[in-house]
Amino acid sequence: MASLPVESREGRMALAMEALSPKQCWRDLIAQANKEMVQEVLSNACAGKNRSLDDIAMAVADRMLASGAGQQLLMEDHAQDNAPLSPIVRRVDTEQRKRGPLLGDIQVAEWDIWSGKVDDAEQVDQLLEQRRNLSKSSPHGSNYSLVLEEKDSAEQSCSSEDEVSLRTRMKTGLELRTTTQQYTWMRWKDKPKSVLLVAKQGDVKVTQKLQEIAYWIDSQGCHVILEPDLWDEVQGKTPKMQPDPSPRKVCWCAGDCECAKLPPKIKQKEPSTQKWRWAEAQAGQVTSPGFLDRCRTWAPQQDKLEECIDLVICVGGDGTLCWASGLFIRAMPPVMAFAGGSLGFLTPFPIQDWMKVLVPILGCMNEVAPPLQVACRGRFEMRLTRHDEGTKSIPVQAMNEVLVHRGSSGHLVKLQVYVNDKLVTMVQGDGLIIATATGSTAYSLAAGGSMMHPAVPGIILTPVCPHSLSFRPVVLPDSAVIKVQVPDSSRNSRVMVAVDGKDRIELKRSDSIEVQVSQFPVPTICRSSVTSDWFSSVNEALQWNLRLEQKTS
């Protein structure tokens, strides 16, 4: 059963509202909602889905209230209070898209983060109120960590009243306290209003789930924000044919030569060139009315995502989460990752449970989301130093690792490794991995490195095929600054640097990079707890420490 075009239906209802009474307008709106509900029930039965009648009814009702006719009726009802409907769902015309930032009208919801127990929220509120004048708020509110500790009998004194940090005067020796907390919680002050969706490309099943999530979030009165390429695909815009960047040489000569070159090829437009295959996954689904007009994207180099996004939802594997992390150069909002890939170290939520997980957070019936446990995963930031250009920062946040390797050269790579400006060793082999705790189960693990709990504040140095039997992986504190330099005596004059396997930089002799822990972690929402999620992923993905048990006799 085909639905009416969105433009004709909304236009006809808007014209009818001008001549009819409010009662008749509400009657027409309810009648249209009944029609769409029947259509969704039939489509749900034909597709073999098991959505409940309540879920379908609530989704249709929310869509109708978010439509143009529903907004006009609600605005008329609130006209006496001079309080129009919240501009969560509104169209952005083409002219506004051309003028500049596309997300400038979105105000991000502030959120707090604390360590301890979830019941400590009231105490956290008191501490936050006391410290707001001492700390600057980030675009996501007071996202600094508060550690709840019991007061002890040790005498504390300050050199001045304005000194923030307290010094403890020791009388009976030193008492050691852990520097990490077992549980970290976050809570939005208001309901999240803008959600960025990032999904694995090319998987039709993942795209189908992405469509279901996007339509439902849109029906709850939230902004649905898509990547620019995905937004173009959703809008039906076809990518332009791009020629190859440069002609290819026929020979194997190194450097420039006069050998013949092949002319650049023109990429042929094929139906399979769509990255997410949105149209193919759309078959058999009921499109949310007006979704194409309401979904948003951003303007690269103009919009600041950290100031416009409340929540990031990833549907895919670990690579999808790494890709989403790379979209945020600075601060990053909370991330919820649904498993839709191969291994899934970082995706604790099953994709089939997305409705049960998202309803308490984004449901229209909930005014404030409940406190959520998060794992603050550290990232790396890198600086590049050219011997002839100087030092410059690289706008890349590495979530897994920074890899320095020999590239396509057949020679061993020679690297000088400095820790806090002190030369500690010389690497001779295929390369060196500088991994985070999150990346300890990625390339570092395959190269012989140890697994590290994501809450451990450390840096792992793992050699890749070292030409030495005694070179073993090393764990350094998170305060260390790692410098890797290509010495002048290196036989290999071109060394490659890869960040999370996607950003590649070439180093020549005397060039170096500096890697340190970034001040902007990735707050990933936990399914149960940090430790439980991590061991579950390790046991399931790696079959870690599984063997047949010994018999009793």
| message | Assess, by modelled atom type and distance only, whether the side chains of Q235 and W278 contain a donor and an acceptor separated by less than 3.5 Å. | response | no

| Electrostatic pair D229:K275 at N-O distance under 4.0 angstrom | yes

| query | Taking the side chain as C-beta and beyond, is there a heavy-atom pair between M452 and I460 under 4.5 Å? | reply | yes

| request: Answer yes or no: is there a side-chain heavy-atom contact under 4.5 Å between L384 and L507? | output: yes

| task | Look at atom CZ of R504 and say whether more than 12 heavy atoms of other residues, nucleotides or ligands are closer to it than 6.0 Å. | result | no

| field | For S529 against Y183, the heavy-atom pair lying closest together | value | CB-CE2, 4.1 Å

| query | Do the side chains of L305 and L103 get nearer than 4.5 Å, heavy atoms only? | reply | yes

| query | How far does CD1 of I309 sit from NZ of K304, to the nearest 0.5 angstrom? | reply | 14.5 Å

| With sequence neighbours excluded, residues passing ring pair (Phe, Tyr, Trp, His ring centres under 6.0 Å) with H387 | none

| said: Using the rule ring-ring contact (aromatic ring centres under 6.0 Å, His included), only one of Y215, W216, W231 pairs with F291; which is it? | reply: Y215

| query | Has the side chain of S518 got a donor or acceptor atom that lies under 3.5 Å from a matching backbone atom of F380? | reply | no

| Any chance the side chains of T436 and R379 put a donor and an acceptor closer than 3.5 Å? | no

| What's the verdict on side-chain contact (heavy atoms from CB on, under 4.5 Å) for L372 and W185, showing C-alpha distance, side-chain angles and the deciding distance? | CA-CA 5 Å; L372 301 173; W185 301 84; 5.7 Å; no

| task | Provide the closest heavy-atom pair for S444 versus T462 in the form atom of the first, atom of the second, distance. | result | OG-OG1, 2.8 Å

| Do V538 and M451 come within less than 4.5 Å of each other through their side chains, counting heavy atoms only? | yes

| query | Taking all atoms of both residues into account, what is the closest heavy-atom pair of R377 and P454, and its distance? | reply | NH1-CB, 3.5 Å

| task | Quick one: closest heavy-atom pair of P289 and R294, and the distance? | result | O-NH2, 2.7 Å

| A337 backbone acceptor or donor facing T347 side chain under 3.5 Å | no

| Where is the tightest heavy-atom contact between P523 and P333, given as atom of each residue plus distance? | CG-O, 3.6 Å

| Can any side-chain N or O of N400 pair as donor or acceptor with the backbone N or O of C322 at less than 3.5 Å? | no

| task | Answer yes or no: is there a donor N or O on one side and an acceptor on the other, between the side chain of D218 and the main chain of A214, under 3.5 Å? | result | no

| side-chain contact (heavy atoms from CB on, under 4.5 Å) evaluation trace for R277 with D203 | CA-CA 8 Å; R277 301 164 69 180; D203 193 324; over 6 Å; no

| message | Could you check whether any side-chain N or O of Q516 sits under 3.5 Å from a backbone N or O of I482, counting only pairs where one atom can act as donor and the other as acceptor? | response | no

| message | Give me the atom names and distance for the closest heavy-atom approach of N366 to I361. | response | ND2-N, 4.4 Å

| message | For D388, is the CG atom crowded, meaning more than 12 foreign heavy atoms sit under 6.0 Å from it? | response | yes

| said: Less than 4.0 angstrom from a charged side-chain N to a carboxylate O is my criterion; do D310 and K193 meet it? | reply: no

| said: In the structure I gave you, are the side-chain heavy atoms of V404 and V495 within less than 4.5 Å of one another anywhere? | reply: yes

Distance-only check: which donor-acceptor pairs under 3.5 Å involve side-chain atoms of residues 349-359, not counting sequence neighbours?
none

| task | Rounded to the nearest 0.5 Å, what's the gap from CD on E110 to CD on Q107? Could you check? | result | 10.0 Å

| message | Are the side chains of I113 and V374 in contact, using a 4.5 Å heavy-atom criterion? | response | yes

| task | State, yes or no, whether a side-chain contact exists between V419 and V481 at a heavy-atom distance under 4.5 Å. | result | no

| task | Might you work through the side-chain contact (heavy atoms from CB on, under 4.5 Å) test for K483 and Q485, ending with a clear yes or no? | result | CA-CA 6 Å; K483 178 181 176 181; Q485 186 174 22; 4.2 Å; yes

| said: Tell me whether K205 at atom NZ has more than 12 heavy atoms from other residues, nucleotides or ligands lying less than 6.0 Å away. | reply: no

| query | So, the side chain of S536 versus the backbone of S532: is there a donor-acceptor pair under 3.5 Å, distance only? | reply | yes

| request: Please report the C-alpha distance between K191 and C222 in whole Å, then the side-chain angles of each, then the deciding distance to 0.1 Å, and finally whether the side-chain contact (heavy atoms from CB on, under 4.5 Å) criterion is met. | output: CA-CA 9 Å; K191 176 185 174 182; C222 298; 3.9 Å; yes

| field | C364 backbone acceptor or donor facing Q220 side chain under 3.5 Å | value | yes

| query | Parallel, tilted or perpendicular for W534 and H453, by the 30°/60° rule? | reply | tilted

| Pairs flagged by salt bridge (charged side-chain N to carboxylate O under 4.0 Å, His left out) wherever residues 513-537 is involved - sequence neighbours left out | R383-E514

| note | Result for side chain to side chain contact (heavy atoms under 4.5 Å, CB included) between C314 and one of T320, T524, L346 points to T320

| message | Is the shortest side-chain heavy-atom distance between R187 and W111 below 4.5 Å? | response | no

| message | Quick one: does any side-chain atom of R296 pair with a main-chain N or O of H223 as donor and acceptor, under 3.5 Å? | response | no

| remark: Output for pair (L327 CG, E306 CD), nearest 0.5 Å, gives 11.5 Å

